[in-house]
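Here the structure is laid out as structure tokens; the discussion comes afterwards.
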Protein chains: 2
Amino acid sequence: MKKTSDIINKLSEQGYRLTPQRMMVLDAIENSEHHISAEEIYAQVIMEYPHLNISTVYRTLELLHRLGLVTETDLGGGRVRYHPADKGHHHHLVCQECGRVIDLDESVTDNLKQVLKRDYNFTPDIRHLALFGTCADCKR
Amino acid sequence: MKKTSDIINKLSEQGYRLTPQRMMVLDAIENSEHHISAEEIYAQVIMEYPHLNISTVYRTLELLHRLGLVTETDLGGGRVRYHPADKGHHHHLVCQECGRVIDLDESVTDNLKQVLKRDYNFTPDIRHLALFGTCADCKR
DNA sequence: ATTTTAATTGCAAAGCCTTGCAATCACCCC
DNA sequence: GGGGTGATTGCAAGGCTTTGCAATTAAAAT
Ligand SMILES: [Mn+2]
Ligand SMILES: [Mn+2]
Ligand SMILES: [Zn+2]
Ligand SMILES: [Zn+2]
């Protein structure tokens with residue numbers, strides 16, 4: 001798989017060690033169909049590497065997020081979820097009534113980003129937003 | 001103070017009990033200069049009511065937020081902060097480099113809300129947004 | 001290949017927040 | 001004012017995530 005090598009190269013270039021733990025956490029994220037949680041990554045990796053500690057998963061996620069290699073979002077449900085950045089950026093609407101999650105194109109935030117840039121010279125890091133509210137079906 | 005009575009009336013009207021714990025938590029929020037955290041509310045109330053448990057603070061905050069009487073936001077720093085809804089809605093930009101917090105008028109999200117309404121018939125509950133990024137000074 | 005060195009890990013403890021449950025208490029009715 | 005009732009509380013335990021520290025190990029230097 002090409003994507004994983006790309007991320008591995010970026011880690012290596014920036015002076016981070018390529019530990020087996022990091023490789024396996026990365027693999028779990030890249031091969032996940034949906035947004036994956038720390039606990040789910042842990043459960044998956046531990047099957048072939050039982051020595052792994054969950055704090056290493058959290059630290060790896062923090063690193064990959066800080067380097068912009070994964071996006072992080074709280075879709076409700078009490079745990080943060082992750083997504084490979086190179087699989088495309090997008091956002092979500094989450095209905096507080098029924099729990100439905102609607103996917104949004106990245107472009108919905110273009111106007112907001114532009115206004116913040118123009119009026120405040122602020123560069124927002126909006127890569128994976130989750131907005132809560134009420135969906136069409138639940139609006140009585 | 002008029003504001004507190006208003007909130008108390010709303011609680012009462014909706015059938016919620018006016019317990020001393022709720023009154024005191026409410027007081028702490030209303031009299032706070034800035035966005036206040038659960039721990040800070042707890043520390044303040046406990047001075048005159050040492051029996052209070054912090055889970056009551058969290059449950060009261062959850063109730064007030066659900067009823068739209070306080071807004072809730074994560075400005076970073078690992079704890080959620082609260083603000084009375086009747087003191088005016090607004091949003092924040094948080095610089096990830098220097099920690100600076102910029103206040104935004106509620107209207108910056110008007111366009112986004114409108115688009116979500118028009119294209120998805122979704123009514124977002126965006127009352128106190130915190131957006132992270134890089135401020136003007138930190139941009140090299 | 002061996003040594004060196006700092007980054008990384010596992011472990012245990014802690015921090016923030018939520019939740020189940022039994023005891024308490026605000027409010028309604030008389 | 002004195003019950004009755006269900007909402008609310010305190011307490012203790014648990015869930016998710018972070019953090020300090022000593023031991024390990026990837027990678028660089030020899
Ligand atoms: Mn996503
Ligand atoms: Mn605010
Ligand atoms: Zn819905
Ligand atoms: Zn800054």
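Keep in mind it's a predicted model, so treat the numbers as computed, not measured. Letters A, B, ... are given to chains in the order of the sequence lines, protein chains preceding strands, and every chain is numbered from 1.
Note: Y58(B) OH to I41(B) CD1 = 9.5 Å, rounded to the nearest 0.5 Å. Atoms OG1 and CE, on T60(B) and M24(B) in that order, are 12.0 Å from each other to the nearest 0.5 Å. Residue L112(A) holds its CG atom at 8.0 Å from CG of N111(B), rounded to the nearest 0.5 Å. For the atom pair CD (E106(B)) and NE2 (H128(B)), the distance works out to 10.5 Å, reported to the nearest 0.5 Å. Separating the CD atom in Q14(B) from the CG atom in N9(B) is a distance of 11.5 Å, to the nearest 0.5 Å.
Using a 4.0 Å heavy-atom cutoff across all strands shown, E62(A) reaches no nucleic acid atom at all.
For the pair Q21(A) and dA26(D), the criterion of a side-chain N or O lying under 4.0 Å from OP1 or OP2 is not met.
Between H92(A) and H83(A), the ring center distance fails the sub-6.0 Å criterion.
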What's touching nucleotides 27-30 of chain D from the protein side, N or O pairs under 3.5 Å?
from	atom 1	to	atom 2	distance (Å)
dA27(D)	OP1	L18(A)	N	2.9

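Spacing between atom CD of Q14(B) and atom C1' of dA26(C) amounts to 17 Å, rounded to whole angstrom units. Residue L11(A) contributes atom CG, which lies 15 Å from atom P of dA7(C) at whole-angstrom precision. The NE2-C1' distance, from H65(A) to dT17(D), rounds to 15 Å in whole Å. The interatomic distance linking E39(B) (CD) with dC17(C) (C1') rounds to 10 Å, in whole Å. Atom CZ of R22(B) is separated from atom P of dC25(C) by 15 Å (rounded to the nearest Å). Between L75(B) atom CG and dC16(C) atom P there is a gap of 16 Å when expressed in whole angstrom units. To the nearest angstrom, C1' of dG10(D) lies 10 Å from OH of Y42(B). Rounded to whole angstrom, the span from the CD atom of E40(B) across to the P atom of dC16(C) amounts to 11 Å.
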Checklist entry - How far apart are the C-alpha atoms of Y120(B) and L104(A), what are their side-chain angles, what is the distance that settles it, and do they pass the side-chain contact (heavy atoms from CB on, under 4.5 Å) test? => result CA-CA 9 Å; Y120(B) 298 90; L104(A) 296 181; 3.2 Å; yes
Exercise. Could you go through the salt bridge (charged side-chain N to carboxylate O under 4.0 Å, His left out) check for D137(B) and K139(B) one step at a time?
Key: CA-CA 6 Å; D137(B) 292 349; K139(B) 219 170 300 155; over 6 Å; no
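Around the NZ atom of K10(A), the shell of radius 6.0 Å holds no more than 12 heavy atoms that belong to other residues, nucleotides or ligands. Shown here is E62(B), whose CD atom has more than 12 heavy atoms of other residues, nucleotides or ligands within 6.0 Å.
Direction of the helix axis in the helix from dA1(C)-dT30(D) to dC30(C)-dG1(D) shifts by 30° between the two five-pair termini, rounded to 10°.
Shown for residues 43-60 of chain A: residues whose heavy atoms fall under 4.0 angstrom of DNA chain D, namely S55(A), Y58(A), R59(A).
Under the 4.5 Å side-chain heavy-atom criterion for ILVMFWY residues, no single connected hydrophobic cluster contains both V101(A) and F122(B).
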